[in-house]
2 protein chains.
Amino acid sequence: MNRKCTVFKTARFIGKRWTLLILLELYKGKSRRKRYSELKERLINITPKILSTRLKELEKEGLVEKRITADKFPIKSEYSLTASGRDFISVIRGIKKWALKWDKGSVICENRDCKHCEF
Amino acid sequence: MNRKCTVFKTARFIGKRWTLLILLELYKGKSRRKRYSELKERLINITPKILSTRLKELEKEGLVEKRITADKFPIKSEYSLTASGRDFISVIRGIKKWALKWDKGSVICENRDCKHCEF
DNA sequence: CCGGATCCTCTGCGATACTG
DNA sequence: CAGTATCGCAGAGGATCCGG
């Protein structure tokens with residue numbers, strides 16, 4: 001396994017800031033589409049640059065699908081999880097399961113215990 | 001989930017370079033202990049600084065156990081996976097499984113297909 | 001309303017040299 | 001043998017302004 005390895009790249013990928021949060025936010029609504037502004041509003045303190053960067057990365061990796069309606073104003077762009085994106089949630093669940101098993105469960109996420117996180 | 005969240009921290013953690021490789025190297029020998037120099041030799045191109053940094057991080061996170069014999073020369077320090085470290089391999093397997101499922105399986109790891117990786 | 005473009009800072013990581 | 005110390009670069013990430 002080197003830096004070309006998919007597993008390694010995937011690990012680096014999900015290690016980036018906001019990536020998991022964005023996936024979670026899209027997952028919360030199941031397959032419902034979310035507007036860019038909607039995501040920005042919910043992801044407290046995220047900057048527009050990072051959000052658009054991450055969305056592009058996720059789109060490129062095939063976890064997120066973008067749909068634009070440019071025919072009429074205002075232009076809307078909506079994002080949703082693809083099949084692989086939804087499937088990826090199970091990977092995150094694996095991480096969470098491991099984290100909760102080996103202590104670390106006391107840490108809170110935005111004032112809620114990890115145990116009650118929607119993941 | 002914010003930057004204090006364990007899941008998020010874990011994700012960032014495994015996203016660091018060499019971390020997975022070190023865990024794999026320690027896993028290869030099952031519970032066998034590995035010397036610092038042994039790890040350095042096997043992990044091609046790793047610098048001593050990064051190796052010692054990662055080992056400290058892993059030790060701090062409780063995935064790796066260090067044992068030193070300083071009573072006689074030469075000083076030996078040996079590393080091995082803890083129970084949580086061994087358990088973490090399953091998380092990596094989850095990542096691999098996902099990666100192989102959604103294409104990406106064609107990428108090679110040090111001239112071997114991911115499918116044949118020991119993880 | 002949805003981003004792109006810029007600029008700046010800060011950290012990760014690597015190379016090299018050195019030490020108890 | 002098992003690490004530190006020092007330097008420097010490149011990329012991640014943030015703030016802010018600009019444009020279709």
Side-chain angles (χ1 to χ4, degrees), chain A residues 1-5 8-23 25-26 33-61 64-80, chain B residues 1-5 8-23 25-26 29 32-61 64-80:
Chain A
M1 185 168 61
N2 54 26
R3 67 187 84 181
K4 282 183 183 174
C5 171
F8 174 72
K9 285 200 302 183
T10 303
R12 296 221 94 189
F13 178 67
I14 65 173
K16 291 188 174 185
R17 269 201 87 181
W18 296 106
T19 299
L20 293 188
L21 270 170
I22 292 169
L23 290 174
E25 201 53 49
L26 288 171
R33 303 182 174 280
K34 295 270 176 64
R35 304 276 304 274
Y36 175 91
S37 52
E38 196 174 353
L39 292 170
K40 188 157 150 302
E41 185 184 352
R42 291 180 191 274
L43 301 167
I44 318 289
N45 290 331
I46 196 170
T47 61
K49 177 191 171 183
I50 297 298
L51 179 55
S52 96
T53 303
R54 290 291 174 274
L55 285 170
K56 263 180 212 158
E57 289 167 1
L58 286 164
E59 196 187 354
K60 185 185 166 199
E61 295 294 323
V64 161
E65 205 178 31
K66 182 180 181 178
R67 173 186 289 179
I68 314 175
T69 53
D71 52 339
K72 57 191 172 199
F73 278 94
I75 297 172
K76 293 181 185 180
S77 56
E78 294 181 314
Y79 300 87
S80 59
Chain B
M1 186 168 61
N2 55 25
R3 66 187 84 182
K4 282 183 183 175
C5 170
F8 174 72
K9 285 202 302 185
T10 304
R12 296 221 94 189
F13 178 68
I14 65 173
K16 291 187 174 185
R17 266 203 90 178
W18 295 106
T19 300
L20 293 188
L21 270 169
I22 292 169
L23 289 174
E25 202 53 48
L26 288 170
R32 236 198 75 222
R33 302 180 175 283
K34 294 272 177 61
R35 305 276 302 273
Y36 177 90
S37 53
E38 196 174 352
L39 292 170
K40 190 157 150 304
E41 186 184 350
R42 291 180 192 276
L43 301 167
I44 318 288
N45 290 331
I46 196 170
T47 61
K49 178 189 171 182
I50 297 298
L51 178 55
S52 98
T53 303
R54 290 290 174 273
L55 285 170
K56 265 180 210 158
E57 289 167 0
L58 286 165
E59 197 188 353
K60 186 185 165 199
E61 296 293 324
V64 162
E65 205 177 31
K66 181 182 183 177
R67 173 186 288 181
I68 315 176
T69 54
D71 51 339
K72 58 191 174 200
F73 277 92
I75 297 172
K76 291 181 183 177
S77 57
E78 294 180 314
Y79 299 87
S80 59

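Excluded from the calculations below are hydrogen atoms, water molecules and symmetry mates; all remaining heavy atoms, backbone and side chain alike, are included.
Look at NZ on B:Lys56: it is 11 Å from C1' on D:dA2, rounded to the nearest Å. With rounding to whole Å, B:Ile75 atom CD1 is found 16 Å from C:dT19 atom P. With rounding to whole Å, B:Tyr79 atom OH is found 11 Å from D:dC1 atom C1'. Between B:Lys34 atom NZ and D:dC1 atom C1' there is a gap of 18 Å when expressed in whole angstrom units. Between the NZ atom of B:Lys66 and the C1' atom of D:dC1 there is a distance of 12 Å, rounded to whole Å. In this entry the distance linking CD of B:Glu59 with P of D:dA2 reads 15 Å, nearest Å. The interatomic distance linking B:Lys40 (NZ) with C:dA15 (P) rounds to 12 Å, in whole Å. For the pair B:Ile46 CD1 and C:dA15 P, the interatomic distance rounds to 11 Å; values are reported in whole Å.
Across the interface with DNA chain C, nearest-nucleotide mapping of A:Arg12 and A:Tyr36 shows A:Tyr36 to be the residue nearer the 5′ end. Mapping B:Lys16 and A:Lys49 onto DNA chain C by nearest heavy atom places A:Lys49 at the nucleotide closer to the 5' end.
Contact check, A:Ser37 against C:dC2: a side-chain N or O comes under 4.0 Å of OP1 or OP2. Proximity of B:Trp18 to the phosphate of C:dG12: no side-chain N or O atom is located under 4.0 Å from OP1 or OP2. Between D:dA12 and A:Thr53, no contact under 4.0 Å exists linking OP1 or OP2 to a side-chain N or O. Between B:Thr47 and the phosphate of C:dA15, there is no side-chain N or O to OP1/OP2 separation shorter than 4.0 Å. In terms of phosphate contacts, A:Arg35 brings a side-chain nitrogen or oxygen within less than 4.0 Å of OP1 or OP2 of C:dC2.
Rounding to the nearest 0.5 Å places NZ of A:Lys66 at 12.5 Å from OG of A:Ser80. One distance of note links OG1 of A:Thr19 with CZ of A:Arg12; it measures 12.5 Å at 0.5 Å rounding. Atom-to-atom distance recorded for B:Ile50:CD1 and B:Ile22:CD1 is 9.0 Å, nearest 0.5 angstrom. Taken from CZ in A:Arg35 to OH in A:Tyr79, the straight-line distance is 10.5 Å, to the nearest 0.5 Å.
Atom CD of A:Glu38 sits in a crowded spot, with more than 12 heavy atoms from other residues, nucleotides or ligands closer than 6.0 Å.
Side chain of B:Ile50, nearest nucleotide from D:dA2, C:dC13, D:dT4: C:dC13. Comparing atom distances between the B:Arg17 side chain and each of D:dG3, C:dC13, D:dG14 picks out C:dC13 as nearest. With D:dA12, C:dC13, C:dG4 as the candidates, the nucleotide lying closest to the side chain of A:Ser52 is C:dG4.
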